[in-house]
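First comes the structure, then the notes that go with it.
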Amino acid sequence: MATVPAAAAVRTTPLLLVAVLFGAVAAFLASQALWSLTALAVVVAAAVLAGGVWLSGRKPATEL
């Protein structure tokens with residue numbers, strides 16, 4: 001299992017919280033049978049998660 005540096009964890013934690021929030025919104029909208037809004041919330045949550053994965057995989061730029 002790979003370890004995640006503390007800086008990457010701090011940088012991606014807000015993104016994970018936003019993804020969880022949109023996941024909760026999607027669950028609520030699904031319970032209300034608002035399928036178009038549910039799909040939108042799922043797409044936003046997936047995009048935020050993908051952004052978090054991308055940020056955690058990036059190597060920090062080295063300073064000159």
Side-chain angles (χ1 to χ4, degrees):
M1 186 170 161
T3 58
V4 177
V10 169
R11 186 171 55 227
T12 58
T13 299
L15 293 175
L16 292 175
L17 292 175
V18 169
V20 168
L21 173 69
F22 274 98
V25 168
F28 171 75
L29 293 173
S31 73
Q32 302 299 313
L34 299 170
W35 300 113
S36 60
L37 293 177
T38 300
L40 179 63
V42 168
V43 167
V44 170
V48 170
L49 279 174
V53 169
W54 180 73
L55 279 177
S56 66
R58 284 183 57 199
K59 293 183 180 177
T62 55
E63 295 183 13
L64 296 176

Heavy-atom closest pair, residues Val25 and Ala41: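 In terms of heavy atoms, the two residues are closest at CG1-CB, 4.2 Å.
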Looking only at non-hydrogen atoms, find the nearest pair between Thr38 and Ala30 and report the distance.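 Shortest heavy-atom contact: OG1-N, 3.1 Å.
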Starting at CG of Leu29, measure out to CG of Leu34 and round the result to the nearest 0.5 Å.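 One gets 5.5 Å once the value is rounded to the nearest 0.5 Å.
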Roughly how far, to the nearest 0.5 Å, is the CZ atom of Phe28 from the CG atom of Leu37?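 The distance works out to 10.5 Å.
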